[in-house]
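Here's the structure, in structure tokens; my notes come after.
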Amino acid sequence: MAAQPLAERRKVTVTTPAFEGRTIPCPLCAGTDLTCVSQVDRHGGRLKTDMCRGCGHVFTNPQPTQDELDAYYGQNYRADYKKVTTPKLKHVYRAGLRAMERLDRLQAHVKPDAMVLDVGAGGGEFVYLLTRMGYSAKGLEPNEGYAAHARAAYDIDIAIGTIEGNLPESGTWDVITLHHVLEHLADPIRVLRSLAAGLVERGRIIVEVPNAEARYHAPKRRFHFAHLHTFSADGLHLAAAKAGMRVTDLITQPHTGHLNAVIVADDSVTASASSDTAARIGAFLTKESGLKDHLTPRPYRRLWANVKRPVREGMALRRLGSPGSAKQVLESLYAPVIATQQPNSESV
């Protein structure tokens, strides 16, 4: 498959779509005692976000229907985030760095010949790294432009579609990864339960999500259409338990504060919600006002980082030899990892 012509990779502008949606109880504990914590999205558009007073889960309410979500993710999501229909070289470089971080996390938990399914594979950078490291890896990506790019650029196995329409066969995968995917799903508990059935015995799901109690984003930029859920650490434990699973390893990522969890099947775990979690998260969201945020170093560090990033990435690409294609970017970036790191043969 030929790569998409540059003329078709022009910048695009996609606005947050209008949707009818449906009003729902708490997706984690089914509670109906809800309080509104925001009425706007990060662009200033109308988007109502509720918090459950029973468990503290924060979620868009009303939520888009599945048909509305499928249309958005199939055609517009990547353009809405990146303003392009296929990744630029700087996006490939950026995603390649994240892929190497994810490899470190994965290697600590799987055997060398593991079969890995990467759900929400994006431009395919992580799947490509896994294949170059000797893993049997496949990706699933709902966005047609990014999935087609991954196939053409790296000759890797990327299926196009949603999780709901592409559930794995039972007992197939050693690891299923969902990096910044779970927060996009209408029914995260049902999906976790379905994905768990696709794991081999002692298989693992590795999940990374934004953190409801992180200060990475400004308060007014916390909520937006694509994120139906904003998880806390307690919320991840609750969602896993409701799905018949257990969180075995949970870390907070440096810099961003994102939550990264390793989850395994365990029907013995008791799912319990706590109003203490709701009180803590509610207090956090209330005190994190825009004015208070501007009186901290956070927005100025973020602004400076955004100013520096294009220069830093441009210099990094030149150090890699000014590659002319996405594959050349990743080959140059991954070369030291492939040469010096091998999957840990003592991993379980």
### Message
Would you say V191 ends up clustered with V181 if hydrophobic residues are merged whenever their side chains have heavy atoms under 4.5 Å apart, either directly or through other cluster members?
### Response
yes
#### Entry: Trace of the salt bridge (charged side-chain N to carboxylate O under 4.0 Å, His left out) decision for D174 with K111
CA-CA 9 Å; D174 296 288; K111 58 185 184 294; 2.5 Å; yes
#### Entry: Shortest non-hydrogen contact from I158 toward G124
CD1-CA, 4.4 Å
### Query
What residues form a side chain to side chain contact (heavy atoms under 4.5 Å, CB included) with T256, not counting sequence neighbours?
Y216, Q253, H258
### Message
Has R53 got a side-chain atom pairing as donor or acceptor with M51's backbone, closer than 3.5 angstrom?
### Response
no
### Query
Heavy atoms, side chains only, cut-off 4.5 Å: are L250 and N260 in contact?
no
### Query
Taking the six-membered ring for Trp, are the ring centroids of H43 and H224 within less than 6.0 Å of each other?
no
### Task
Please report the shortest heavy-atom distance between A233 and L259, naming the atom on each side.
N-CD1, 3.4 Å
### Query
Quick one: side chain to side chain contact (heavy atoms under 4.5 Å, CB included) partners of E144, sequence neighbours excluded?
Q75, I160
### Task
Could you list the residues that satisfy salt bridge (charged side-chain N to carboxylate O under 4.0 Å, His left out) with D157, not counting sequence neighbours?
none
### Task
Could you list all the side chain to side chain donor-acceptor pair (under 3.5 Å) pairs where at least one residue sits in residues 118-132, not counting sequence neighbours?
D118-T177, Y128-E331, R132-E331
#### Entry: Side chain to side chain, V175 and L117, heavy atoms closer than 4.5 Å
no
### Task
Work out which heavy atom in G122 is nearest to a heavy atom in E141; give both atom names and the distance.
N-OE1, 2.7 Å
### Considering all heavy atoms, the nearest T32-P25 contact
CG2-CB, 4.1 Å
### Query
Sequence neighbours excluded, which residues qualify as ring-ring contact (aromatic ring centres under 6.0 Å, His included) partners of H237?
none
### Summary
Separation between CE (M115) and CG (L199), nearest 0.5 Å, reads 11.5 Å
With a 3.5 Å cut-off and sequence neighbours excluded, list the donor-acceptor pairs that the side chains of residues 161-171 form with protein atoms.
| from | atom 1 | to | atom 2 | distance (Å) |
| --- | --- | --- | --- | --- |
| T162 | OG1 | G165 | N | 3.3 |
| N166 | ND2 | T162 | O | 2.8 |

### Query
Can you pull the salt bridge (charged side-chain N to carboxylate O under 4.0 Å, His left out) pairs that have at least one residue in residues 66-76, sequence neighbours excluded?
none
Side-chain donor-acceptor pairs of residues 271-283 under 3.5 Å, sequence neighbours excluded:
| from | atom 1 | to | atom 2 | distance (Å) |
| --- | --- | --- | --- | --- |
| S274 | OG | D276 | N | 3.1 |
| T277 | OG1 | D234 | OD2 | 2.7 |
| R280 | NE | E213 | OE2 | 2.8 |
| R280 | NH1 | D234 | OD2 | 3.3 |
| R280 | NH2 | E213 | OE1 | 3.0 |
| R280 | NH2 | D234 | OD2 | 3.1 |

#### Entry: H179 side chain to E208 side chain, donor-acceptor N/O pair below 3.5 angstrom
no
### Query
Between D50 and K48, does at least one N-O distance fall below 4.0 Å, as a salt bridge requires?
yes
Run the side-chain donor-acceptor check on residues 315-326: report pairs under 3.5 Å with partners two or more places apart or on a different chain.
| from | atom 1 | to | atom 2 | distance (Å) |
| --- | --- | --- | --- | --- |
| S325 | OG | Q328 | N | 3.2 |

## Note on the structure
For I24, the hydrophobic cluster (side chain heavy atoms closer than 4.5 Å, chained through members) also holds L34, F59
#### Entry: Flag if over 12 foreign heavy atoms under 6.0 Å of CZ, R312
yes
### Message
side-chain contact (heavy atoms from CB on, under 4.5 Å), that's the test. Do L103 and Y334 meet it? Break it down for me.
### Response
CA-CA 11 Å; L103 176 67; Y334 294 163; over 6 Å; no
### Message
Is it the case that atom CG in N306 sees more than 12 heavy atoms from other parts of the structure closer than 6.0 Å?
### Response
yes
#### Entry: Nearest heavy atoms of A186 and H229, plus distance in Å
O-NE2, 3.7 Å
### Message
According to salt bridge (charged side-chain N to carboxylate O under 4.0 Å, His left out), does anything in residues 237-257 pair up with another residue at least two apart or in another chain? List the pairs.
### Response
R105-D249, R246-D266
### Message
Among residues at least two apart in sequence or on other chains, which ones pass salt bridge (charged side-chain N to carboxylate O under 4.0 Å, His left out) with D155?
### Response
none
#### Entry: Heavy-atom side-chain contact between L129 and Y135 under 4.5 Å
no
